J.: 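One structure coming up, written as structure tokens, with questions to follow.
The model shown is predicted, which means the values in this text are computed figures rather than measured ones. The sequence lines fix the lettering, A, B, ..., with proteins before strands; numbering per chain opens at 1. For the numbers below, each heavy atom of this structure counts, side chains included, while hydrogens, waters and symmetry mates do not.
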Number of protein chains: 2
Amino acid sequence: MSVDEHRRPTRVKRLPREVRERQILDAAVRVFSAHGYHSASMDEISDVAGVSKPMIYAYLGHKEDLFAACIRREASLLVEAIADGVAADANPDMQLWTGLRAFFRFVGEQRESWRVLHRQATSQGGPFSEELMGMRSRAISLVDALLVRSATSRGVPTKSTEAMAVALVGAGESLADWWLDHPDVPEKTVASWLMNLVWMGLGDLVDGASWLPADH
Amino acid sequence: MSVDEHRRPTRVKRLPREVRERQILDAAVRVFSAHGYHSASMDEISDVAGVSKPMIYAYLGHKEDLFAACIRREASLLVEAIADGVAADANPDMQLWTGLRAFFRFVGEQRESWRVLHRQATSQGGPFSEELMGMRSRAISLVDALLVRSATSRGVPTKSTEAMAVALVGAGESLADWWLDHPDVPEKTVASWLMNLVWMGLGDLVDGASWLPADH
DNA sequence: TCCAAGACCTACTCACGAGTAGGCTACGGG
DNA sequence: CCCGTAGCCTACTCGTGAGTAGGTCTTGGA
């Protein structure tokens, strides 16, 4: 035993850099998602990607760079999705509603991406989080802008809307994590729970009132 | 230069195990808080604690055990504080209010503890988080119970109150993190923002209504 | 046909950090 | 005064994983 023990079945062909980079990023997201930044090893990533380690260094740079690249790619997709949702001009509550739905839809469809974004990136205080925090800020700004627009220039203090945007985003993140463990709940339902919490408020909900989308 | 370069000033005396353990835990919280679980080295912790590494192993066990011990200690304090706040029997909104205030007071006073609890522990998917997740669950349960009690047995689905409790806790965590970067805002103010968000809801706030504590 | 460039690999080096072996010293009880 | 025990340390081992040196093979153009 051992003659030719390492033969790769007709070596998967040489591929253009572009393709390899995507493969590597995909692999990296999976591995980072599974183990977290520190515990993920470049060896495992190269393994999953089906290339050798030096390729990663040649194409995407060091571990930090690679991680940042993952964050950038995934976060852009998420923020874009939300922004598109909110964009449709309508009442504040409908804007928030479509934004929330876009957010939960993304999380539902891209669980691994979400794990990387939320669980891993927020924790590592290092230079990575720059990337992520920038995106998170964009999300917060979206919400903040919505709040400011809504509060018809009553003398609402700037900081309070910002803080509420932060709280709302945090609520979304937390609920999204919970949802990972309760996949049976439909996306629309989760979204409506959060919508009711932040739009109606517990005070109203306790009294039996609730918010419903004014669809068609 | 270098004669005696390592003289410790009259060696700080031998101390009973009890005291050393507290010193080590204190140091561990600081270091974990500063660098995160993985990047924190046992060497640095022993250094900060003013003892040698083997002492840590002798008293608190391996790195994981040490981390778990930190979590356990800090989380207990936090949950206790919140539970005490909520305990005072009163209306649901006042219960929530006192709970929130207790939470933010803890965060304000124990910033490093909070960092360890939130930033570090939630990220590491390992066996550590067991400890932390248990505590977080207790917090969520507190809120959930409050919600269930409030919703006067109208047919509110269990899952929705649980989910809302999760969202609320997430909002609190997120806002607490934001607060770390805006220390000028008084504790009571932050608490009232969150209170308004979740009790009144954006719908009411947009209309200019707001919640105020019914104090004295 | 030859060469340059780019895809791709094996097989290392090297630092760092967890965990340990094997001590030494102070103190309290017999 | 002697010894057991508990506080405490220096100085290691050893695995793991980031990052690299230095090549090979293939393809397309001159």
Side-chain angles (χ1 to χ4, degrees), chain A residues 2-25 27-28 31-32 34-70 120 124 126-128, chain B residues 2 4-28 31-32 34-70 120 124 126-128:
Chain A
S2 96
V3 179
D4 253 6
E5 57 177 21
H6 252 337
R7 160 115 61 187
R8 277 184 197 62
T10 341
R11 180 63 116 298
V12 198
K13 206 66 187 296
R14 288 169 175 228
L15 296 172
R17 175 170 184 150
E18 208 182 306
V19 177
R20 285 296 189 204
E21 283 188 354
R22 203 183 357 262
Q23 291 179 340
I24 293 171
L25 279 179
V31 176
F32 282 136
H35 308 313
Y37 176 79
H38 279 284
S39 307
S41 75
M42 296 298 271
D43 286 278
E44 182 173 355
I45 293 173
S46 69
D47 221 52
V48 171
V51 300
S52 69
K53 220 173 11 157
M55 293 258 41
I56 300 183
Y57 284 88
Y59 287 168
L60 277 311
H62 293 200
K63 195 179 183 184
E64 270 187 24
D65 304 325
L66 177 59
F67 190 69
C70 292
Q120 311 314 332
Q124 321 302 340
F128 342 97
Chain B
S2 96
D4 254 5
E5 57 178 21
H6 252 338
R7 158 114 60 188
R8 278 185 197 59
T10 339
R11 180 64 116 294
V12 197
K13 206 65 188 297
R14 288 167 175 231
L15 296 171
R17 174 170 184 151
E18 207 182 306
V19 177
R20 286 297 189 203
E21 283 187 354
R22 201 179 3 259
Q23 291 178 340
I24 293 171
L25 280 179
D26 291 343
V31 176
F32 283 136
H35 309 310
Y37 177 78
H38 278 284
S39 306
S41 75
M42 297 297 272
D43 287 278
E44 181 173 356
I45 293 173
S46 69
D47 220 52
V48 172
V51 299
S52 69
K53 221 171 12 154
M55 292 258 42
I56 300 182
Y57 284 88
Y59 287 168
L60 278 312
H62 292 200
K63 195 179 183 184
E64 270 186 26
D65 304 325
L66 177 60
F67 190 69
C70 291
Q120 312 313 334
Q124 322 300 341
F128 343 96

J.: From CD1 of B:Ile45 over to P of C:dG19, roughly how many Å is that when rounded to an integer?
T.: 11 Å
J.: Does the side chain of A:Glu18 reach to within under 4.5 Å of the side chain of A:Glu21, using non-hydrogen atoms?
T.: no
J.: What heavy-atom pair brings A:Ile45 and A:Ala27 nearest, and what distance separates the two atoms?
T.: O-CB, 3.8 Å
J.: Give a yes/no on whether any side-chain N or O of B:Tyr59 is located under 4.0 angstrom from OP1 or OP2 of D:dG7.
T.: yes
J.: Over 60° means perpendicular and under 30° means parallel, so classify the ring planes of B:Tyr37 and B:Phe67, tilted if in between.
T.: perpendicular
J.: Can you check the A:Asp43 CG to D:dG15 P distance for me, whole Å?
T.: 17 Å
J.: Can you list everything that forms a side-chain hydrogen bond (donor to acceptor under 3.5 Å, both in side chains) with B:Asp43? Sequence neighbours excluded, please.
T.: none
J.: What pairs with B:Arg22 under side-chain hydrogen bond (donor to acceptor under 3.5 Å, both in side chains), at least two apart in sequence or on another chain?
T.: none
J.: So how far off straight is the helix from C:dT1-D:dA30 to C:dG30-D:dC1, going by the axes through five pairs at either end, to 10°?
T.: 20°
J.: Using atom NE2 of A:His62 as one end and atom P of C:dA15 as the other, report the distance to the nearest whole Å.
T.: 16 Å
J.: Identify each atom pair where a protein N or O and an N or O of nucleotides 23-27 of chain D are less than 3.5 Å apart, giving names and distance.
T.:
residue	atom	partner	partner atom	Å
D:dC25	O2	A:Arg14	NH1	3.2
D:dC25	O2	A:Arg14	NH2	2.8

J.: Please round to the nearest 0.5 Å and tell me the distance separating atom CZ of B:Arg20 and atom CG of B:Leu60.
T.: 13.0 Å
J.: Nearest whole angstrom, please: distance from the P of D:dG17 to the NZ of A:Lys63.
T.: 9 Å
J.: To the nearest 0.5 Å, what is the distance between CG (A:Leu66) and NZ (A:Lys63)?
T.: 9.0 Å
J.: Specify the residues of residues 50-58 of chain B, ordered by number, for which at least one heavy atom lies under 4.0 angstrom from an atom of DNA chain D.
T.: B:Val51, B:Ser52, B:Pro54, B:Met55
J.: Quick one: A:His38 NE2 to C:dA18 C1', roughly how many Å, whole number?
T.: 15 Å
J.: Can you measure B:Leu15 atom CG to C:dA26 atom P for me and round it to whole angstrom units?
T.: 14 Å
J.: Rounded to the nearest Å, what distance is computed from the CG atom of residue A:Asp47 to the P atom of nucleotide D:dT16?
T.: 16 Å
J.: Under the rule for side-chain hydrogen bond (donor to acceptor under 3.5 Å, both in side chains), what residues qualify as partners of A:His62, not counting sequence neighbours?
T.: none
J.: How long is the line joining CD of B:Glu18 and P of D:dG7, in whole Å?
T.: 11 Å
J.: Below 3.5 Å, can you tabulate the donor-acceptor pairs from side chains in residues 47-57 of chain A to any protein atom, sequence neighbours excluded?
T.:
none

